[in-house]
**Q** 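Let me give you the structure first, and then I'll get to my questions.
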Amino acid sequence: LEIYKLAFKLAIEVHNISLNFPKFELYEEGSQIRRSSKSIGANIVEGFGKRSHKKDFLRSLTISHAECDETIYHLDILFASKSLGDKEKYDYLNSEYIKLIKIIHNFSQSVLKKHRSDK
């Protein structure tokens, strides 16, 4: 799935970037953003595994959407506190996560309308 591929790519990028945060941020915001960014893809995978149950599938996609929101929040905090000082990288990640939110939303709408099961 396109959303899985993008979520995975972004999680790896966030992970690698977070390792360059100031030492005091590695275990605070760094840990938080690593977990939220990795949770996006994990919930997509879990939902896809439960795709025969529409409600479970949609719940997992909703959680993925919320994790994207949380990741953007952590990016904002890191950028505002100057722990992430690269504006170009911040802008790139922010726009990619917004793109991912839109893809997840559209995919959720598709599942809601066309999914073969109402279990």
Side-chain angles (χ1 to χ4, degrees):
L1 295 174
E2 179 185 353
I3 57 175
Y4 169 79
K5 290 177 184 176
L6 182 55
F8 184 87
K9 176 178 102 64
L10 291 172
I12 296 301
E13 289 182 34
V14 165
H15 177 86
N16 290 333
I17 289 167
S18 74
L19 299 179
N20 295 314
F21 291 160
K23 192 165 186 94
F24 67 91
E25 287 291 17
L26 280 174
Y27 306 107
E28 291 181 17
E29 282 298 315
S31 175
Q32 291 290 327
I33 197 167
R34 283 190 300 272
R35 287 195 316 247
S36 65
S37 67
K38 292 173 185 176
S39 182
I40 298 163
N43 278 288
I44 291 167
V45 168
E46 182 177 351
F48 192 75
K50 297 177 179 181
R51 67 189 175 278
S52 63
H53 300 279
K54 184 177 185 175
K55 289 180 184 176
D56 289 340
F57 196 5
L58 288 170
R59 181 179 180 281
S60 293
L61 292 173
T62 299
I63 293 169
S64 290
H65 187 284
E67 294 292 341
C68 276
D69 290 335
E70 181 181 345
T71 301
I72 290 171
Y73 172 78
H74 292 302
L75 282 171
D76 291 345
I77 292 289
L78 288 160
F79 185 71
S81 68
K82 298 187 180 14
S83 293
L84 173 60
D86 184 340
K87 181 165 177 22
E88 189 175 306
K89 184 56 82 171
Y90 165 77
D91 288 342
Y92 162 75
L93 288 170
N94 192 53
S95 68
E96 288 296 295
Y97 276 106
I98 290 170
K99 175 182 169 182
L100 183 55
I101 285 171
K102 290 175 184 177
I103 294 169
I104 291 170
H105 173 77
N106 291 339
F107 188 59
S108 296
Q109 292 302 305
S110 176
V111 169
L112 189 61
K113 292 175 184 171
K114 300 176 186 174
H115 198 276
R116 68 177 182 267
S117 170
D118 284 320
K119 295 179 186 176

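The figures here come from the full heavy-atom set of this structure, side chains too, leaving out hydrogens, waters and symmetry mates. Keep in mind that this is a model prediction, so the values were computed, not measured.
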**Q** For Asp86 and Ile17: C-alpha separation, side-chain torsions, deciding distance, then whether side chain to side chain contact (heavy atoms under 4.5 Å, CB included) applies.
**A** CA-CA 10 Å; Asp86 184 340; Ile17 289 167; over 6 Å; no
**Q** For atom CZ of Phe8, decide whether the heavy atoms of other residues, nucleotides or ligands shown that lie under 6.0 angstrom number more than 12.
**A**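 Incorrect, the count does not exceed 12.
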**Q** Quick one: does any side-chain atom of Ser95 pair with a main-chain N or O of Tyr92 as donor and acceptor, under 3.5 Å?
**A**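 Yes; judged by distance alone, with no hydrogens or angles, the pair exists.
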**Q** Holding to side chain to side chain donor-acceptor pair (under 3.5 Å), I want the full list of residues that pass it with Asn20, two or more places apart in sequence or in another chain.
**A**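 With neighbours one apart ignored, the set is empty.
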**Q** So Arg35 and Glu70, do their side chains get closer than 4.5 Å, heavy atoms only?
**A**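 In short, these two side chains do not touch, never coming nearer than 4.5 Å.
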**Q** Only pairs at least two apart or in different chains count here, so list each side-chain hydrogen bond (donor to acceptor under 3.5 Å, both in side chains) that has a residue in residues 96-109.
**A**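 For residues 96-109, and leaving out neighbouring residues, there are no side-chain hydrogen bond (donor to acceptor under 3.5 Å, both in side chains) pairs at all.
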**Q** To which residues is Tyr27 joined in a hydrophobic cluster, defined by side-chain heavy-atom contacts under 4.5 Å among Ile, Leu, Val, Met, Phe, Trp and Tyr, whether direct or through other members?
**A**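 Via sub-4.5 Å side-chain contacts, Tyr27 links to Leu26.
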**Q** Say whether Ile72 and Phe79 are linked into one hydrophobic cluster, either directly or through other cluster members, by side-chain heavy-atom distances under 4.5 angstrom.
**A**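 Same hydrophobic cluster.
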**Q** CD1 of Ile104 to OG of Ser60: how many Å apart, nearest 0.5 Å?
**A**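 Interatomic distance, Ile104 CD1 to Ser60 OG, rounded to 0.5 Å: 11.0 Å.
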**Q** Please report the interatomic distance CG(Leu78) to CD(Glu28), rounded to the nearest 0.5 Å.
**A**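 Taking CG in Leu78 and CD in Glu28, the distance rounds to 10.5 Å.
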**Q** Identify the heavy atoms of Ile101 and Cys68 that sit nearest to each other, and give their distance.
**A**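 Distance-wise, the nearest heavy atoms are CG1-CB, 3.3 Å.
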**Q** State, to 0.1 Å, how close Lys54 and Val111 come at their nearest heavy-atom pair, and which atoms those are.
**A**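 Shortest heavy-atom separation between Lys54 and Val111 comes out as CE-O, 3.4 Å.
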**Q** In Å, rounded to the nearest 0.5 Å, how long is the span from CG of Leu75 to CG of Leu84?
**A**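 Spacing of CG (Leu75) from CG (Leu84) equals 6.5 Å.
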**Q** Test your reading of the model: is there a side-chain donor-acceptor pair from Asn43 to the backbone of Ser39, 3.5 Å cut-off?
**A**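 Between the backbone of Ser39 and the side chain of Asn43 there is a qualifying donor-acceptor contact (under 3.5 Å).
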**Q** To the closest 0.5 Å, what do you measure between NZ (Lys5) and CD1 (Ile44)?
**A**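 The distance works out to 13.0 Å.
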**Q** Heavy-atom distance under 4.5 Å between the side chains of Leu10 and Thr71, does that happen here?
**A**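 A side-chain contact under 4.5 Å is absent here.
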**Q** Using 0.5 Å steps for rounding, measure from the CZ atom of Arg34 to the CD atom of Glu29.
**A**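 Going from CZ on Arg34 over to CD on Glu29, the span is 11.0 Å.
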**Q** Using the ring of each side chain (for Trp, its six-membered ring), is Phe48 parallel, tilted or perpendicular to Phe57, with breaks at 30° and 60°?
**A**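 Phe48 and Phe57: perpendicular rings.
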**Q** Would Leu61 and His65 count as a side chain to side chain contact (heavy atoms under 4.5 Å, CB included) if you check the C-alpha gap in whole Å, the side-chain angles of each, and the deciding distance to 0.1 Å?
**A** CA-CA 6 Å; Leu61 292 173; His65 187 284; over 6 Å; no
**Q** List the atom of Ala11, the atom of Ser37, and the distance in Å for their closest heavy-atom pair.
**A**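 Shortest heavy-atom contact: CB-O, 3.7 Å.
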**Q** Evaluate the side-chain proximity of Tyr73 to Ile33: yes if any heavy-atom separation is below 4.5 Å, no if none is.
**A**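 A side-chain contact is absent here, since even the closest heavy-atom pair is not under 4.5 Å.
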**Q** Measure the spacing between CD1 of Ile63 and CD of Glu46 and express it to the nearest 0.5 Å.
**A**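 Answer rounded to 0.5 Å: 7.0 Å.
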**Q** So which heavy atom on Leu100 is nearest to which on Ile3, and how close?
**A**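 Nearest heavy atoms, Leu100 then Ile3: CD1-O, 3.7 Å.
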**Q** Might you point out which heavy atoms bring Ser83 and Phe24 nearest each other, and give the distance in Å?
**A**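 Nearest heavy atoms, Ser83 then Phe24: OG-CZ, 4.1 Å.
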